[in-house]
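Following: one structure in structure tokens, then a few remarks.
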Amino acid sequence: MNLIPKFSFKYNGKPFALEDAKVTSTEYGRLYELSDGLCIELHVQEYPAYHAVKWMLWFENKSEYDSKLISDILDCDATWCFVDGSGKTPPLSLFNTDGCAGYEAYLRADSISEECKVHESKLPLGASRGFHPLGGRSSSGQMPFFEFYTPGHGLMAAIGWSGQWRASFAHTQGDTLEIKTGLDYTAFKLHPGERIRTSSILLMEYEGSRVQGSNQFRRLIKNELCPFTPDQFPFALEGMGLTTQRHLYHLNKFRQHGVRANYYWIDAGWYGKGGTPGAGDWYKQVGNWQVRPDEHPDGLRDVIDYVHESGMKFLLWIEPERAYPGTDLALQHPEWLYPLDGFYLLLRLDKDEVREYLFDMICDFIDKLDIKCYRQDFNMEPLQSWRITDEMDRGGMNEIKYIMNLYRLWDDLRAKYPDLVIDNCASGGRRIDVETLQRAIPIWRTDAYCEPDLDPDAIQTQMFGYNRLVPCSGGVCKRMGDTYATRSSYAPCYVGSWWWTDRPDRPEPTEENFAWMARMCEEYRSLRHFFSCDFYPLENGGWSYAHGGWAAYRYDRPEEGDGIVMAFRRAGSNCVTSCYVMEGLDPNATYTITDIDTQEISEISGKILTETGLTVAIPRQYESKIFLYQVKL
């Protein structure tokens with residue numbers, strides 16, 4: 001493996017030099033000790049089966065005095081040699097991926113389709129590029145995942161920091177790429193006995209095509225980092241803004257009509273001290289953390305009992321990191337809030353007492369309401385609050401301690417409740433990085449899902465970006481009776497939000513609607529084990545938001561010799577058929593192909609599938625097809 005963990009920083013204004021430190025090998029990596037008591041721990045985790053390495057830094061002041069100024073920390077200051085052996089400088093490309101957009105962008109479908117869009121940049125000799133997220137959430141505007149490719153050889157780089165990171169990449173020599181990543185701003189002194197961590201970096205080399213590299217990375221995340229198995233990924237029905245009586249009514253209707261999922265999901269609006277009915281002022285009640293007594297006189301217990309009777313688990317939304325002015329939390333603990341006036345107030349999660357309060361509060365809800373999936377949202381940008389309130393010679397410390405305590409909160413919850421699943425939302429997919437993926441799943445990976453009539457073509461386009469990187473995320477659909485839209489959102493986690501509200505513009509389902517929901521639930525349940533496996537883009541039209549094209553992709557389980565092909569003929573497409581070459585199948589085998597709509601079965605040789613391809617016919621616009629293939633034994 002051509003990757004050596006390296007880092008850099010300045011100490012008292014001068015670059016840290018190895019010769020100034022006592023270096024000791026440890027069980028976690030290496031320890032660097034300076035004469036004044038500053039210690040730096042380099043924690044290294046290798047994944048040899050994936051040709052990958054992950055590392056991070058801890059800084060500790062073991063003296064009785066403040067340390068000197070620690071600044072400009074680059075947790076990764078490494079190089080990658082991509083030589084091809086020809087003696088010539090091979091071409092090098094950088095691929096970066098857009099993060100989630102602002103909520104206003106969701107009013108336009110073409111803006112939604114820009115989320116998770118992949119961009120290619122050529123990096124000729126002497127070229128460099130820099131990146132950072134927006135507002136202090138790690139995947140807002142820019143995902144912290146990068147890919148470098150030269151023909152037949154590539155590198156994936158993933159940053160692990162859920163705040164404001166920075167990255168720069170420079171092609172400095174003929175066959176060398178410089179990789180520099182870390183926190184966006186660090187200039188602090190450590191107090192006596194103080195110990196902090198900074199960002200992590202995950203680097204993975206691969207040989208072959210970019211699709212092969214993507215699937216190697218997906219397997220690394222799924223098998224080594226994600227703390228949950230695919231069987232634990234939530235499949236849910238959603239209710240929001242309903243009274244206890246209406247939740248029970250919805251649940252009873254689902255049960256009567258055989259609409260089955262694994263979880264029942266209650267989103268924002270279940271808490272507070274009165275207010276607008278139907279969760280209309282859900283945001284104004286954030287900080288009044290009690291079950292809303294006027295709408296849920298039994299504290300939601302009767303709802304949860306019925307959820308259990310229906311064979312489901314309970315999933316609940318909480319947004320613990322902010323408070324609305326005038327709520328109980330804001331009035332009772334003003335010292336726990338960053339002192340910036342605004343529409344929302346950010347809790348000082350950098351303080352241990354705040355973390356302990358939130359841990360106790362969340363545990364109380366988990367115990368009383370038997371929560372099996374805890375959904376944590378975070379609907380504000382924290383960067384300004386962190387930066388403005390940093391003390392002298394403590395630049396970056398508010399952010400560092402805040403993010404450390406976020407990780408500690410989730411780690412403590414998982415330690416106390418080993419089977420608890422955590423959903424990481426953050427305004428829909430704006431805090432996705434290596435560290436959060438080790439602790440949580442981004443089920444609601446975009447707030448575009450809030451839109452009841454969301455264009456499914458935009459979600460198909462997002463699939464191509466997300467699925468290159470993240471094998472454990474979620475899909476949501478609110479379009480009742482729309483098979484095309486529902487299939488467009490199929491993902492490892494899934495939320496059927498077809499009847500999530502009693503709003504007048506969302507009428508109660510008909511008998512035909514309930515029968516359709518039951519079919520969709522059973523269809524998803526039969527396919528869900530594929531969605532976290534290897535992913536192959538098939539139709540170029542899926543990369544663009546073009547109603548005149550098709551979108552198609554494939555999920556494959558090579559160990560089982562099976563997989564599925566999903567194809568979508570968009571509303572403006574005049575093409576009736578398309579043909580897809582099936583990379584990676586055994587050309588010497590025979591495969592059975594099942595159309596899951598008609599149950600028609602055919603047999604095709606692996607040679608034809610890998611050379612000529614699978615021909616898919618969709619006779620009508622705005623329709624989809626799913627084919628199950630299985631090697632014939």
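Quick caveat, the model's predicted, so the values are computed rather than measured.
In this structure, R431 does not pair ionically with D433, as no charged nitrogen and carboxylate oxygen lie closer than 4.0 Å. Between R445 and E115 there is no salt bridge, since no side-chain N of the basic residue sits under 4.0 Å from a carboxylate O of the acidic one. Salt bridge annotation for R246-E295: absent, with no cationic side-chain nitrogen under 4.0 angstrom from a carboxylate oxygen. Using a 4.0 Å cut-off between a side-chain N of Lys or Arg and a carboxylate O of Asp or Glu, D98 and K117 do not qualify as a salt bridge. Contact check on D412 versus R414 returns no salt bridge, with no Lys/Arg side-chain nitrogen under 4.0 Å from an Asp/Glu carboxylate oxygen. Between D597 and R487, at least one side-chain N (NZ, or NE/NH1/NH2) sits under 4.0 Å from a carboxylate O, which counts as a salt bridge. The pair R301-D305 meets the salt-bridge criterion, with a side-chain N (NZ, NE, NH1 or NH2) lying under 4.0 Å from an Asp/Glu carboxylate O. Salt bridge D267/R375: present, at least one basic N to carboxylate O contact under 4.0 Å.
Within the 4.5 Å cutoff, no side-chain heavy atoms of F233 are placed close to those of N262. With contacts defined as side-chain heavy-atom distances shorter than 4.5 Å, the pair H247/T243 does not qualify.
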Checking K273 against D328 for the salt bridge (Lys or Arg N to Asp or Glu O under 4.0 Å) test, could you report, in this order, the C-alpha distance in whole Å, the side-chain angles of both residues, the deciding distance, and whether it holds? CA-CA 10 Å; K273 303 174 72 174; D328 288 348; 3.2 Å; yes
Walk me through whether R355 and D360 qualify under salt bridge (Lys or Arg N to Asp or Glu O under 4.0 Å). CA-CA 9 Å; R355 171 183 50 77; D360 291 340; over 6 Å; no
Go through the steps to decide whether Q285 and T327 satisfy the test side-chain hydrogen bond (donor to acceptor under 3.5 Å, both in side chains), and finish with yes or no. CA-CA 7 Å; Q285 298 296 331; T327 57; over 6 Å; no
Checking ring-ring contact (aromatic ring centres under 6.0 Å, His included) for the pair Y524/Y490: CA distance, chi angles, key distance, verdict? CA-CA 7 Å; Y524 174 74; Y490 281 173; 5.4 Å; yes
K478 and S497: side-chain hydrogen bond (donor to acceptor under 3.5 Å, both in side chains), yes or no, with the steps? CA-CA 5 Å; K478 295 183 176 181; S497 295; 5.6 Å; no
Start with the C-alpha distance between K625 and D595, add both sets of side-chain angles, then the distance that settles salt bridge (Lys or Arg N to Asp or Glu O under 4.0 Å), and finish with yes or no. CA-CA 7 Å; K625 278 289 186 182; D595 181 331; 2.7 Å; yes
Determine, stepwise, if the pair R620 / E623 fulfils salt bridge (Lys or Arg N to Asp or Glu O under 4.0 Å). CA-CA 6 Å; R620 287 176 292 275; E623 286 197 348; 2.9 Å; yes
side-chain hydrogen bond (donor to acceptor under 3.5 Å, both in side chains) evaluation trace for Y417 with D367: CA-CA 10 Å; Y417 306 100; D367 292 335; 2.8 Å; yes
Applying ring-ring contact (aromatic ring centres under 6.0 Å, His included) to H250 and Y264, what does each step give before you reach the verdict? CA-CA 11 Å; H250 281 224; Y264 187 65; 8.2 Å; no
Under the criterion side-chain hydrogen bond (donor to acceptor under 3.5 Å, both in side chains), I'd like the reasoning laid out for H308 against D370: C-alpha separation, chi angles, the key distance, then a yes or no. CA-CA 10 Å; H308 293 161; D370 197 19; 3.1 Å; yes
Test log, rule ring-ring contact (aromatic ring centres under 6.0 Å, His included), inputs F314 and W265: CA-CA 6 Å; F314 187 49; W265 168 324; over 10 Å; no
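Side-chain N/O atoms of D447 and S427 include no donor and acceptor closer than 3.5 Å. Side-chain atoms of W550 and S573 form a donor-acceptor pair, as typed in the model, at a separation below 3.5 Å. Using a 3.5 Å distance cut-off with no hydrogens or angles, the side chains of Y484 and D457 do pair a donor with an acceptor. A donor-acceptor pair shorter than 3.5 Å can be found between the side chains of Q460 and S488. Side chains of Q376 and N424: no donor on one and acceptor on the other come within 3.5 Å. Side-chain atoms of N288 and Y324 form no donor-acceptor pair, as typed in the model, at a separation below 3.5 Å.
The nearest pair of heavy atoms linking D423 to C373 is CB-SG, 4.2 Å. In terms of heavy atoms, P471 sits closest to P492 at O-CG, 3.2 Å. Summarising the geometry of R468 relative to T97, their closest heavy-atom pair is NH1-OG1, 3.4 Å, with the distance given to 0.1 Å. Taking all atoms of both residues into account, the shortest heavy-atom contact from G326 to L331 is O-CD1, 3.4 Å. For E319 against N379, the heavy-atom pair with the smallest separation is OE2-N, 2.7 Å.
Annotation: cation-pi geometry satisfied between R439 and Y407 (NZ/CZ under 6.0 angstrom from ring centroid, within 45° of ring axis). R322 forms a cation-pi arrangement with Y344, by the criterion of a distance under 6.0 Å to the ring centre and an angle within 45° of the ring axis.
Under the ring-ring contact (aromatic ring centres under 6.0 Å, His included) rule, Y553 has a single partner from Y580, F535, Y536, F530, which is F535. None of W289, Y283, F365 except one satisfies the ring-ring contact (aromatic ring centres under 6.0 Å, His included) rule with Y271; the exception is W289. For the side-chain contact (heavy atoms from CB on, under 4.5 Å) test with W498, the passing option among N513, D482, T486 is T486; the others fail.
Annotation: W317 is not in aromatic contact with Y374 [ring centroid separation under 6.0 Å not met].
Between the CG atom in L225 and the CG atom in L437 there is a gap of 8.0 Å [rounded to 0.5 Å].
Using cut-offs of 30° and 60° for the angle between ring planes, the F254 and F514 rings count as perpendicular. Ring pair Y555/F531 is perpendicular by interplanar angle, where above 60° counts as perpendicular and below 30° as parallel.
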